[in-house]
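Side-chain atoms are counted along with the backbone in the values below, which use heavy atoms only and exclude waters and symmetry mates.
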Amino acid sequence: MNKNLLLVKKGNVQDKLEKFADFGRTANDGVTRLALSEEDRLVRDYFCNYCENLGLVVEVDDMGNIYGTLEGVENKPPIVIGSHLDTVKKGGKFDGALGVIAGLEVIETLIENNITPKIPITVVNFTNEEGARFEPSMMSSGVLAGKFQKTDMMMSKDVNGISFKEALESINYVGSIENRLKDATAFLELHIEQGPVLDHHSISIGVVDCVVGMVCYEIEINGESNHAGTTPMNMRKDALFVANDLISTVQGNLGRLDEQLVFTIGRMNVHPNIHTVIPNKVIFTIEARHKDPQVMKQVEAIIESLANAPTRETATIQISKLWDRDTVWFEPQLRDSVEQSANALHYSHKRVVSGAGHDAQFIASFIPSTMIFVPSINGKSHMENEKTNWDDCEQGVNVLLNTVLTLMEGN
């Protein structure tokens with residue numbers, strides 16, 4: 001670890017976060033900046049101009065990802081820092097933007113201290129991480145990592161029928177496939193935790209071990225509609241009653257597996273959804289997340305066993321697996337470097353896992369990667385009152401900055 005610790009200027013991170021939040025700021029001090037919207041175009045223009053004013057080389061790839069690079073003494077693969085600038089509807093000012101601003105702040109601090117990096121440093125803004133306008137989430141980093149096909153992603157449409165391709169072209173951010181991120185010394189992403197662990201324990205820095213494995217199933221129950229007032233209870237084929245029994249069963253069985261397992265009944269559609277008609281169809285989702293693949297196998301076995309559940313109403317049950325993702329473990333040496341930086345700066349820290357998905361989990365498939373978390377007050381995120389203390393934001397950037405300095409020493 002470099003004994004000559006470097007710190008960002010007090011207040012710089014806050015100033016940048018507030019300025020970026022002006023692009024799509026809501027009445028309740030949140031941010032609505034959906035991918036490839038006019039607000040997104042404006043913040044992209046501001047980001048590019050800021051990079052150019054710092055003397056960075058700005059490039060855009062075919063998915064609209066933007067890269068600003070500070071050239072190094074040696075022509076080696078860069079250290080890449082970044083995240084995303086798009087938000088959910090009525091989201092917060094920290095999610096994603098902090099990681100991009102952190103990259104700018106690291107580069108600006110080096111320039112102000114007359115430090116020419118040994119190897120290039122690149123700050124990146126990934127397109128459509130949230131998936132709030134165009135599904136799926138982490139779309140562009142997923143294309144870079146070969147997880148998604150570009151042709152499929154270009155056809156993804158929003159609720160108004162506008163395709164990703166049309167929206168990207170409309171804001172003039174179609175770049176060259178040659179500019180894609182292909183190789184790097186390391187990828188580092190600073191992000192708010194979006195959970196309550198760090199805040200609950202009054203810890204400033206989370207050293208992220210992994211992004212946990214995830215799975216999502218859809219359960220469809222088909223019964224039979226009839227009049228709600230004239231059909232005796234013992235003669236009904238009520239799909240909602242069956243759904244209620246299945247949810248109680250899965251809640252009990254999954255709840256006994258492991259205390260770190262989280263699971264959610266996230267979507268439920270009831271048909272015909274009329275108070276005087278017995279429901280004939282219910283569709284709901286079960287999503288579960290855990291870092292241990294063996295626990296996830298047990299989760300899947302429990303969910304799939306619902307297909308054989310006895311039903312009083314002789315309704316049919318259909319189980320469909322929608323998607324899954326394996327646990328992604330981050331590069332051990334990079335995690336250690338983050339921990340060493342936090343130690344050297346005397347910031348409280350702990351090892352954590354990410355239950356939310358991030359661009360870093362896809363980038364990690366072809367570039368050594370890691371993440372740094374800072375606390376989310378009361379664990380709140382994806383809402384207008386999302387909040388992280390300014391001091392915690394600054395400390396996160398300081399850890400990132402000194403991790404970058406350490407990485408440069410090793411190259």
Task: Lys321 atom NZ, neighbour heavy-atom count above 12 within 6.0 Å - done: yes
TODO: Using modelled atom types only, decide if a donor and an acceptor are shared between the side chain of Ser37 and the backbone of Arg33 within a distance under 3.5 Å.
DONE: no
Open item on the list: Tell me if the centroids of the rings in Phe362 and Phe187 come within less than 6.0 Å of each other.
Closed with: no
- [ ] Would you check if there is a donor-acceptor pair between the side chains of Glu331 and Thr370 at a distance under 3.5 Å?
- [x] no
Open item on the list: When you measure from the side chain of Ser156 to the backbone of Glu135, do you find a donor-acceptor pair of N or O atoms at a distance under 3.5 Å?
Closed with: yes
Task: Cation-pi, Tyr173 ring and Arg44 (6.0 angstrom, 45 degrees) - done: yes
Task: Glu300 bridged to Lys297 by N-O distance under 4.0 Å - done: no
TODO: With side chain to side chain contact (heavy atoms under 4.5 Å, CB included) as the test, would you mind laying out the steps for Val374 and Leu198 before giving the verdict?
DONE: CA-CA 7 Å; Val374 289; Leu198 296 176; 5.7 Å; no
Open item on the list: Classify the ring geometry of Phe20 against Tyr46: parallel below 30°, tilted from 30° to 60°, perpendicular beyond 60°.
Closed with: perpendicular
- [ ] Assess the side chains of Asn226 and Glu224: does a donor N or O sit below 3.5 Å from an acceptor N or O?
- [x] no
Open item on the list: If we count only N and O atoms by modelled type, under 3.5 Å, do the side chains of Tyr67 and Asp61 hold a donor and an acceptor together?
Closed with: yes
TODO: For Thr403 and Ser341, test the side chains for any donor-to-acceptor distance below 3.5 angstrom and give the result as yes or no.
DONE: yes
Open item on the list: Between Thr185 (side chain only) and Pro77 (backbone N and O only), is there a donor and an acceptor less than 3.5 Å apart?
Closed with: yes
Task: Note: Glu339-Arg351 ion pair, threshold 4.0 Å (strictly below) - done: yes
Open item on the list: Just by distance, no angles: are the side chains of Asp392 and Tyr347 close enough, under 3.5 Å, to form a donor-acceptor pair?
Closed with: no
- [ ] Report the C-alpha distance between Gln149 and Thr151 in whole Å, list the side-chain angles of each, state the deciding distance to 0.1 Å, and finish with yes or no for side-chain hydrogen bond (donor to acceptor under 3.5 Å, both in side chains).
- [x] CA-CA 5 Å; Gln149 292 298 316; Thr151 51; 5.1 Å; no
Task: Intermediate values then yes/no, side-chain hydrogen bond (donor to acceptor under 3.5 Å, both in side chains), His84 and Asp359 - done: CA-CA 8 Å; His84 61 97; Asp359 290 312; 5.5 Å; no
